[in-house]
Asks: 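What follows is a structure written as C-alpha cells; I'll ask about it next.
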Amino acid sequence: MANSKFSDVDEYGFQRPEDFDYLVYEKFMSSYLKVLTERQIRWETLKRKNTDFSKLTRTLKRYIRKGIPTSYRTEVWMKVSGAYQNQQQSPDLYSNLLRAQFDRDTVEAIKIDLPRTFPDNIHFETKKRQLFNVLIAYAHHNRDVGYCQGLNYIAGLLLIVTQKEEPTFWLLKMIVEKIVPSYHTKRMTNLIRDLAVLKELIKLKVPEVNNHIENLGLPYTVIASKWFVCLFAEVLPTETVLRIWDCVFAEGYKILFRVGITLIVAHRNVILQADDISVLAELFRNEIIKGEIATDCHNFMKNIFKVPGNLKRRDLERLRLICIDRTNC
Amino acid sequence: MATTPRGGGTAQRPNGASQNKICQFKLVLLGESAVGKSSLVLRFVKGQFHEYQESTIGAAFLTQTLCIDDTAVKFEIWDTAGQERYHSLAPMYYRGAQAAIVVYDIQNQDSFQRAKTWVKELQRQASPNIVIALAGNKADLSNSRVVEYEEAKQYAEENGLLFMETSAKTAMNVNDIFLAIAKKLPKNDGAGNQGSGQGRRLAEVEQNRQTNNCCK
C-alpha cells in the first residue's frame, strides 16, 4: 500500500484518473497509513483471542467501524453478514448453478456489461470469467432479480476483495436479498421507496438544502439511484466503499442512509452556492463523490455516525411505510 | 428580465448590445441498453469517446449549448438507463421534455424494435409537440449492419421523426442531430412552453441568470 501514493494505479489495481488530486491523497495517506498499521495489530490481537466474527458484539462493531484490515476482510464480511453460515448449509449450491443450462437473454445482457466493468482496473481483465460466472449463477438462482445492471460493479468489487467466486456469490446474495431486498428486482420497488426516504431525511435534517435541490429541479433519482443500486461501488473512491461495506455487512442498510445524508450535509455550502441545475449535477458527479471529504475515508466513516445524528431503525421503517404508500399511488 | 415570457423563452444579453436570444429545452435520450445513448451525449457535450462507456444506472444530467444564427439553444439533456427495469423511472424524464432522441444500434434488430416502442410511448404520453429524432448509432460498424438505412428512414418519415445514422465513436452526425433538433424547435417568444412541469421550471431558473456562454 505504501507505494500507492507514488503510483498512478491504486492498491486495488484501479488506474487513477488524470485529474486525480495527488496532494490531497498524500496528505490523507500520510496519516491513514498509521491508522492501517495500528488496525492491523489490533485485529491480530482480536484474532488471537479466537473472536467469533459471526457474533456482532459491541467490541467487534467498534472494530469494524474503524475498518477491517484487507487480510481479514473476506472472513469478517462472510461471518458477520451470515453469508458464511448460508454457504455451510448449501455447500453445493454454487457449483450446481454453474452446471445448469443458461438462459440466452441473460447471458447476452451480462456479456454486454463485462467489458465495461472496471476497464480501468489492471487486474480485472483476468477476472472477467469469474465475474460472468457469479452473475450468471446468481441470475439463475434468483429469477425475480435475474441480472440487474449495477450488480456487475458490486460483484466486481467483491471479487477484487475476496479473489474467489464462491464468497463473492454468497456476499452478493446477502446484499441483494437481505441487506437491500427489492432494489434490483424487475420493478425496483424498494429502490424507489428508499430514494423517497432519502429525500425525506434530507428535508428533515437540512431543509434548506432539500429546498435548493428541488428548486433547481434535480431529482433524487438522478442524484442517488446509483448510490443505492451499487451500494456506492463505482461512485465513491474504492477504499471509502470498502470501509462502508465493512459496516453494511455488519449493521445493514441503515449505513447507506448515513452515507447518503453525510455526503449531502458535508457539502451543504457548495450545494447551496450552486445557482443552476447543471452546476449542481456536476457537483454530484465530481466534487461530492470524488473530492477531499469522500477520499478521506477514515474521517468520513467517523462522520457518518455523527453528522446525520440519531437515525433510529424504527423511524426509518416508519418513513419507509409512508413513502411506499406515496409511491404506490 | 421581468418582461421576458416564461418557459424556455428568450432572455436579453445583459448589455443589450446584441439581440441574442437564449432558448432552453429539455431533451431526453431513450433506447435499449448499450446502443450508445451516453456515448452520444459524451461526444456532444465533451467531444470525448470511451470504448467501454460505463452503463448508466438511474439517469444522468448534462447540458450543452448550440448556436443557430443569433439564438443560443441550451439543451438540458436527461440521459436514461437502458435496461428494461429502469424504465419505471423514465416517464419522469420525458415528462415535459420538448425533444427526445431515440437511439438504436444498427447492428441490433431488437434495439430497433425497442426504439419503435419508445417512439409509440412518447407519441402517446409525452408532450404533444415533442420533437423526436431517431438515431441509428454505431454507423462506423456498418460491416455488421442488420438494420437497413432505408428501412429506418422510411419508418421515421411515416412517423414524422428526424432521422440520422450516427457514430459517437467517429463523431459522425452527432452535432448534426442535435442541430437538426434545435432548428426544428420553436424559438419564438414563449417557445419551449409546450412542455410542462419541470421543463418550465428549469427555464425560469435560466431566465434569472444572465447566461452568455454561447457563440464564443
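In what follows, chains are A, B, ... by sequence order, proteins preceding strands, each numbered from 1. Heavy atoms only: backbone and side chains are in, while hydrogens, waters and symmetry mates are out.
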Asks: Between A:Lys226 and B:Glu54, what is the shortest heavy-atom contact and its length?
Replies: NZ-OE2, 2.8 Å
Asks: The test is side chain to side chain contact (heavy atoms under 4.5 Å, CB included); show your working for B:Leu62 and A:Arg285 and say whether it passes.
Replies: CA-CA 10 Å; B:Leu62 290 112; A:Arg285 235 186 340 265; 3.8 Å; yes
Asks: If you count the non-hydrogen atoms of other residues, nucleotides and ligands that lie under 6.0 Å from NZ in B:Lys184, is the total more than 12?
Replies: yes
Asks: Grab the two heavy atoms, one from A:Lys186 and one from B:Arg85, that are nearest each other, plus how far apart they are.
Replies: O-CB, 3.3 Å
Asks: Quick one: of A:Val145, A:Thr117, A:Leu191, who has the most non-hydrogen atom pairs under 4.5 Å with chain B?
Replies: A:Val145
Asks: Quick check on B:Gln53 against chain A: is it the side chain, the backbone, both or neither that has a heavy atom closer than 4.5 Å?
Replies: backbone
Asks: When you compare the side chains of B:Glu76 and A:Ser278, does any donor N or O come within less than 3.5 Å of an acceptor on the partner?
Replies: no
Asks: Is there any residue in residues 230-237 of chain A with a non-hydrogen atom under 4.5 Å from a non-hydrogen atom of chain B, and which ones are they?
Replies: A:Cys230, A:Glu234
Asks: If you define the side chain from C-beta out and look only at heavy atoms, does anything of B:Tyr52 sit under 4.5 Å from A:Asp120?
Replies: no
Asks: Below 4.5 Å from any heavy atom of chain B, which atoms of A:Val229 appear? Answer side chain, backbone, both or neither.
Replies: side chain
Asks: How far apart are the closest heavy atoms of A:Asn152 and B:Ser55, and which atoms are they?
Replies: ND2-OG, 4.3 Å
Asks: State, with a plain yes or no, whether a side-chain heavy atom of B:Thr63 is found less than 4.5 Å away from one of A:Asp276.
Replies: no
Asks: Checking heavy atoms, do the side chain of A:Leu280, its backbone, both or neither come under 4.5 Å from chain B?
Replies: neither
Asks: Using non-hydrogen atoms only, which part of A:Tyr153 is less than 4.5 Å away from chain B: side chain, backbone, both, or neither?
Replies: side chain
Asks: How far apart are the closest heavy atoms of B:Phe61 and A:Ala281, and which atoms are they?
Replies: CD2-CB, 3.5 Å
Asks: Does atom CD of A:Glu208 have more than 12 heavy-atom neighbours, drawn from other residues, nucleotides or ligands, at distances under 6.0 Å?
Replies: yes
Asks: For A:Thr185, is it the side chain, the backbone, both or neither that has a heavy atom under 4.5 Å from a heavy atom of chain B?
Replies: backbone
Asks: Between A:Pro115 and chain B, which part of the residue has a heavy atom less than 4.5 Å away: side chain, backbone, both or neither?
Replies: both
Asks: Please look at B:Thr56 and chain A and tell me whether the side chain, the backbone, both or neither of the residue comes under 4.5 angstrom of a heavy atom of that chain.
Replies: backbone
Asks: For the atom pair CG (A:Asp105) and CG (B:Asp110), what is the distance rounded to the nearest 0.5 Å?
Replies: 8.0 Å
Asks: Less than 4.5 Å to any heavy atom of chain A: does that hold for the side chain of B:Ser88, its backbone, both, or neither?
Replies: side chain
Asks: Ignoring hydrogens, what is the shortest heavy-atom contact between A:Arg116 and B:Ala34? Give both atom names and the distance.
Replies: NH2-CB, 3.7 Å
Asks: Is there a donor in the side chain of A:Ser225 and an acceptor in the side chain of B:Tyr86, or the other way round, less than 3.5 Å apart?
Replies: no
Asks: For B:Gln48, does the CD atom sit with more than 12 other heavy atoms under 6.0 Å from it, leaving out its own atoms?
Replies: yes
